Every structure is written in structure tokens, then in C-alpha cells.
Amino acid sequence: MRLRKQLLTRNDCYQAKRVIRPQGVMVHSTGANNPKVSRYVPGDEILGFNANGNHWDRPGLDKCVHAFIGVFADGGIGTVQTLPWNARGWHAGTGSNGSANNTHISFEICEDSLTDPTYFRKTYQEAVELTAYLCRKYQLNPLADGAVLCHAEGHQRGIASDHHDVLHWWPAFHRSMDDFRADVARTLQGEEGEVDLTEAQVRQLLQEELAKREAERARESAPDWAKELYDQAVAQGITDGSRPMAAATRLEAALMVRAALDRLKP
Ligand SMILES: [Zn+2]
């Protein structure tokens, strides 16, 4: 990661000076074809200069993120930090369940034409490294439920406005947000100097995390009076813990009875 800082101190969001306890990272992309970070920051010799006065270091804008990933003056890819990491950003808008502005650090990837595999690959890698850096800094598990999301996923969860970034871009280059979270986890593992997880191990971790989440959700759907008994039934192998409120087929009922009878054997 190539990280440089140019805080947007004149932006109203910076001026609001509200802080959050970061609980996650939200990935955005700009939605406009201009890969230069100097489109969004005043810039300098390293970042490149904004010649049009349309950067975000000015009052009157209702948006601000913590960083931009894009092209620097020398043509290379880098990250420019634009808000303190624990500032409350204005990036997610509001969904039906609130706003990721209160919980998530945000960055924008400057979009190009969305057809260049090299630009995709380099900005994706920079995003992986930046997210790993932030996860390390704030002790976040990138595989934990809701920790690392893109804007579109935030909307699905009701904590962001209705935007499609980055799912209108990355999947064309065969990268999903699950791939991204796995790559961030792998980067963190590598940093810790432990044995690098293989692709399969990372997938398994992710699968286990998803299964755990699914089981928790399933348990929540059972009525309170039955939860403990249900846990016991799962522990005894009578049922698998999925779909507690769904109807059982004759086959499932037969297998449950059989499993219960097995338990009675000496
Ligand atoms: Zn966005």
C-alpha cells in the first residue's frame, strides 16, 4: 500500500468533527470515469494537482470519505487519506436500519472505464491492503458479520442508500465481496507471520463463519420458550439446527425419530 495523507479540512464533514468507534470498513467506488485522486483532493506534487477547483476540500458538499484509491501524479496507484480514520464520514447515506456512517470507515476507489483489467487488479490489491491495515488498526475481523461491506451490501442490510458500488464493477473481473474479505483475511494472516492460509483454508473459514451466522439466525426464529430445548435437540443430533420453524417432511420426521431412538440405546 502506498499511503499519503491530505485531510479535507474545509469539507463540512471534517468540520463537523464527530467521531465514531470504527466497527467495519465500507468499500465504495466513485461512479465516474476519472481514475486520478486529484479529482477529489487539492493535491500536491506526489498526488497530482486538481486544476479545476472541483475537489472535495471545500464547504457545501454533503459527502466525504476517509480515503481515495486511485492514480497518483507518477501514474502509479496509491491511497490518500482524507479524514481521520475515526471521524464520522458521510459516505453511506441512510437505509431502513440506520447508517453505516456511524460504524464504518469508508474509502472510494476512483473508477476508470471499468474495462481495464490492470487498473482493476491494482486498485483491488490496494483496497485489500488498505482494509487489512484498518482491520489491524481497529482489531476488526474481516470475516465477522457485517465488518467489511461494499455500499451495495450496506444497502441490502438497510444501513446505506441504494447504490450498486462495487458490485457493478468487480464481478466482471471475477471478484466478489466474499473473495475480497478472504483476501483481506489472508493478508492479515500473512502480516502476523503465521503460516499463510491456503485458498481452501480461507474458503473454509468463510464457510464456517457463514454457517455459524446462519445457525444463529435460525435459532433466533424459534420462540423463546423453545430455544433451550431446541439447542438440546441439536446437541443430541436429533435435528441439524437449520430452519427450526419450517415444516418437516415425513422423511425428516422419520429420521428425527430414528435419531432419538438411537439416543436411547445403551
Ligand atoms: Zn458508494
Side-chain angles (χ1 to χ4, degrees), residues 7-8 11-14 16 18 20 22-41 54-58 60-71 77-116 119-120 122-131 133-135 140 142 146-173 175-181 183-184:
L7 299 181
L8 303 178
N11 188 291
D12 294 334
C13 175
Y14 180 95
R18 287 181 60 185
I20 61 169
Q23 292 160 53
V25 177
M26 184 167 280
V27 185
H28 298 262
S29 63
T30 52
N33 182 355
N34 193 334
K36 296 179 180 173
V37 294
S38 60
R39 163 66 185 81
Y40 303 98
V41 297
N54 60 353
H55 55 70
W56 290 13
D57 193 23
R58 56 195 164 104
L61 299 176
D62 58 359
K63 56 196 174 184
C64 200
V65 290
H66 298 81
F68 290 88
I69 290 174
V71 174
I77 300 297
T79 302
V80 53
Q81 181 187 355
T82 45
L83 283 176
W85 298 125
N86 67 343
R88 182 178 182 275
W90 294 349
H91 58 96
T94 306
S96 51
N97 296 323
S99 175
N101 289 346
N102 298 319
T103 48
H104 283 62
I105 300 171
S106 58
F107 62 86
E108 293 271 4
I109 304 171
C110 298
E111 293 185 8
D112 66 345
S113 59
L114 309 186
T115 55
D116 178 359
Y119 184 76
F120 162 76
K122 289 182 176 172
T123 52
Y124 177 88
Q125 181 58 29
E126 185 78 4
V128 167
E129 290 172 21
L130 173 60
T131 305
Y133 166 81
L134 293 169
C135 285
L140 306 170
V148 175
L149 300 169
C150 71
H151 192 156
E153 289 178 317
H155 178 66
Q156 288 159 14
R157 286 166 172 264
I159 55 170
S161 55
D162 187 5
H163 283 224
H164 300 294
D165 48 327
V166 295
L167 300 184
H168 67 309
W169 179 12
W170 287 6
F173 294 99
R175 284 295 183 286
S176 66
M177 282 303 293
D178 281 345
D179 292 325
F180 182 71
R181 286 181 277 269
D183 285 334
V184 172

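First listed ligand is number 1; within each ligand, the first listed atom is number 1. Just so it is clear, the structure is predicted and the values come from calculations on it, not from any experiment.
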Report task. Determine the sole option in H151, H163, H164, E111 for which the side chain to side chain donor-acceptor pair (under 3.5 Å) test with S29 is passed. Result -> E111

Report task. Could you tell me how the ring of W56 sits relative to the ring of F68: parallel (under 30°), tilted (30 to 60°) or perpendicular (over 60°)? Result -> perpendicular

Report task. Output yes when a side-chain donor or acceptor of N86 lies under 3.5 Å from a complementary backbone atom of P22, and no otherwise. Result -> no

Query raised in the report: Among protein atoms, how many N/O/S atoms lie less than 2.8 Å from the Zn ion (ligand 1)?
Result: 3

Query raised in the report: Any cation-pi pair here, R175 with Y124, using under 6.0 Å and within 45°?
Result: yes

**Report entry** Residue list, salt bridge (charged side-chain N to carboxylate O under 4.0 Å, His left out) with R18, at least two apart or on another chain
**Finding:** none

Query raised in the report: Measuring from L140:CG to T131:OG1, what's the distance to the nearest 0.5 Å?
Result: 10.5 Å

